[in-house]
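To start, the structure itself, in structure tokens.
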Amino acid sequence: MVTKEKPRIERYSPAAIERKWRERWDRDGLYATPDDDPDHPNFYFVTMYPYPSGVLHVGHWYAMAPSDAAARFTRMRGHNVLFPMGFDAFGLNAENAAIKTGVHPSDSTEANMAGMRRQFREMGTMIDWRREVVTCHPDYYKWNQWLFLKLYEKGLAYRATAPVNWCPKDQTALANEQVINGLCERCDTPVTKKDLTQWFFRITEYADELLGFEGIDWPERVRVMQTNWIGRSEGARLSFDVADRPGTRIDFFTTRPDTIFGATFMVLAPEHPLVAELTAPAKKRAVEAYVARARAATEIERASTERERIGVDIGAFAVNAFTGERVPIWVADYVLATYGTGAIMGVPAHDERDFDFAKRHGLEIREVVSPDGTEHGPLSEAYIGPGTLVRSGRFGGVPNEEAKRAIVDDAKARGIGEPSVTYRLRDWLISRQRYWGTPIPIVYCPKDGMVPVPEDQLPVELPYDVEFTPGGASPLTKKRDFVETTCPKCGGPAERDPDTMDTFVDSAWYMYRYPDAQYEKAFMNEAAARKWLPVDQYTGGIEHAVLHLLYARFIAKALADMGYLWFREPFRRLRNQGMIVFKQRKMSKSRGNVLGPDEYVTKYGADTLRLFVMFMGPWTEGADWDDAGIEGVYRFLHRVWDVALTKAADGPRDADLDALVQRTIGKVTEDVGAYHFNTAVAALMELTRALYHSSGPSREDGVRALLLMLAPLAPHISEELWQRRGATRSIHLEAWPAYDAAKAKAKEITLVVQVDGKVRDRLQVPAGISAGDAEKAARASEKVRAYVEGKPVVDVRFVPDRLVNFVTGA
RNA sequence: GGGCGAGUGAUGGAACGGUAGACAUUCGAGAUUUAGGGUCUCGUGCUCGCAAGAGCGUGAGGGUUCGAAUCCCUCCUCGCCCACCA
């Protein structure tokens, strides 16, 4: 019933209310979460902190606003929710910008953070800013250095010379995880290999444990990605002697020891140390030229499967320990220095790559596993399936799976091998030859060698006044008064490590810091942290599935083993939003395609933009940014405004409306809890429309429920309306409306009547109608009768409160 | 090449094996308002029809089922992740 003479009400104007409420909430300390709340159990809700690239873009809103809504929802559901925020403030972007603009990274970062804090506030989040973490401040990165030293003590941080991923544009080494399709994760430049002495974190130590996800609620997608990334392979590590060089062996890893009788050559990676040692004088020039070329190639070129598989014979031989034959040793870049031992046995008959290589270079292809157990002539392609061993000495006739074990047993008995597991995962390279990061707390002394900086001398502060143009070595190398120091052990002259740490080290533990960001005496305040950790709910982008999320798990396990943590998984529950794509690309400042929120906020208000990013589609799936439709959400809030402020006429209760309100509560509770924000908003839209056309006490109760459900999603307007309607305390202190399933039942339902599965009529009948009554009502339908007439009804299907289906024998 | 996911109106998207297209956008018609800002109602998958109505319809083809967008098989397309990992 629409009231004819509606009193004119003031219209909804977000600009007039949003700032006011944010200031009031701040003043009242509404989001200053206490560590203890006697009535509400603690819940630690963290969303990935941003990189302070300049300004927030709508991609940030897409990530943060729904997370904030979920955190607010959790709070209304009875928890004392800590929802903190910080900045991942070190990193290449600021430094690269500084090279261009001349503004010091520290200054630009501080300015960017100030701007982004303002924008976060405009979003109307429940962030507890008292606990902010900023990783580029010495009181934070001091503990990065502490973490490094602890890992070093434990043997989990080590220095090694290895061929590493090198970005020629950013002039720094990169971790494996930071090479995306052969391109630098930051700047999309093709990555090359370079031999460098670098610091690594021994993440491979935890490879097996990282494969287990017991007790944590993580999306299948992420678990699969991490599992694939870790890439566990079972096989054997074996060795062949080098011919004519007693005592020299080549170790190699294989998953197919059963094919060892077919190993007709060996291949070493270009970086393998034995290449130089074993190359025959006559082959030296060719081999050196090949190795040089392989090293200069980018990762993309090297990894291309289209590339012809070529290599060079080094003029040396190994002895196949099973056939006793001399097999030639080759060097080829299809063998990777960083996987297994950097050497393989070439079994062309049963490996596609080896097959191609043998074909190209005229090497023998010898079938040793046969699908039918008989020997065949020349193979036209590698056979990688199961079969029985042939041409394999005393193992002939043995099924190949069985032969795997038997051959490894034999090798073990002869002292030339054993079962082994290899991982695709590499140790985490954390040295960066760049300025804007945490200095590595190590000193090199001519007398004492590598000396860790003692804990009481931390932090090793990053000097401000540095010429930070990159040049292949860390800019800090040129800062002599930084590098030149005294040895903590002997007091003599010594030099500091000039490199800085990967910023993923910073983000691997920042969530331990929030519970008390001011605490400086330990890497975290354990008393406070114990009240919150581990993180109950973590949200963030799917793009971190194998970067940040893997590192954070590793660091948690390492810290737990050192006795600093009482849990081994940092994030109990993980939910990822999909990628927000703008102009066909991921939205990112460094990629130059960002769209700011400010215009939308000015025009429609923060509540509209919040709701809009939630309404766009399923949050976990991501979306292409398109603002078509934001008007619809804006209109919705206008309707809410009008409905909430229009006095309802008196009247009786409306059972249908009461039921709808309850059903909406049920649906929204479920949807928001499951991060299905789009359908939650849709349900609220439906409810609002129904309320618009109603009156009486049911309407009043409905409006109340509507505002409460809207509160986590659109915090400003719901607060304004709540208090305009007479409340004296914040809606954000209220409890989520309770769902009453009994009241949610409509008294009338639409009964669908089908004949042979086709809908022929829809009848309004009382809810809970019996099968018999439903059939009777259905048979009475004119429309149905026309379809059933003259046909034998062989079956009648009844689905309570849903449908009746007549199955005819025709 | 391998793994995972997805294909639904003009568009974003809804739909425990049971009313396909909720909720929006768009477009059209009308109401309210001095106007603007807003709000409300109706219509808006395709075909035939003035209409009532009928038929068709969830990438293609097949299957299971009383009943399939949903489950199974084959194929096609797109997205993401991995990719010379021995």
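These values consider heavy atoms only, across backbone and side chains, with no hydrogens, waters or symmetry-generated copies. Each chain gets a letter, A, B and so on, in the order its sequence line appears, and its residues count up from 1. Fair warning: this is a prediction, and the values are worked out from it, not measured in the lab.
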### Task
Convert the base pairs of RNA chain B into dot-bracket notation, remembering that pairs crossing earlier ones are written with [ ] and that bases paired across to another strand are shown as |; include only Watson-Crick or G-U pairs under 3.5 Å.
(((((((..(((.....[....))).((((((.....)))))).((((....))))..(((((..]....))))))))))))....

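With sequence neighbours excluded, the residues forming a side-chain hydrogen bond (donor to acceptor under 3.5 Å, both in side chains) with A/Glu775 are A/Arg779, listed by chain and number. Under the side-chain hydrogen bond (donor to acceptor under 3.5 Å, both in side chains) criterion, A/Gln662 pairs with no residue at all, not counting sequence neighbours. Residues satisfying the side-chain contact (heavy atoms from CB on, under 4.5 Å) test with A/Thr688, not counting sequence neighbours, are A/Phe636, A/Arg639, A/Val640, A/Val643, A/Leu706. Among residues two or more places apart in sequence or in another chain, the side-chain hydrogen bond (donor to acceptor under 3.5 Å, both in side chains) test is passed with A/Tyr739 by none. Take A/His272 and apply the ring pair (Phe, Tyr, Trp, His ring centres under 6.0 Å) test, not counting sequence neighbours, and it matches no residue. Not counting sequence neighbours, the partners of A/Glu364 by the side-chain hydrogen bond (donor to acceptor under 3.5 Å, both in side chains) test are A/Arg366. For A/Trp330, the ring pair (Phe, Tyr, Trp, His ring centres under 6.0 Å) partners are A/Phe357, A/His361, not counting sequence neighbours.
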Give me the distances for all protein-to-nucleotides 68-72 of chain B N/O pairs that come in under 3.5 Å?
none

Using a cut-off of under 3.5 Å, enumerate the N/O to N/O pairs linking the protein to nucleotides 25-27 of chain B.
from	atom 1	to	atom 2	distance (Å)
B/rU25	OP1	A/Arg635	NH1	2.4

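The cationic group of A/Arg424 lies under 6.0 Å from the six-membered ring centre of A/Trp229 and within 45° of the ring axis, placing it in a cation-pi geometry.
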## Note on the structure
Whether each nucleotide of nucleotides 11-23 of chain B has a protein heavy atom under 4.0 Å at its base (B), only at its sugar-phosphate (S) or at neither (-) is summarised, 5' to 3', as -BSS-B-BBS-BB

Below 3.5 Å, can you tabulate the donor-acceptor pairs from side chains in residues 618-625 of chain A to any protein atom, sequence neighbours excluded?
from	atom 1	to	atom 2	distance (Å)
A/Trp619	NE1	A/Tyr62	O	2.8
A/Trp625	NE1	A/Tyr600	OH	3.4

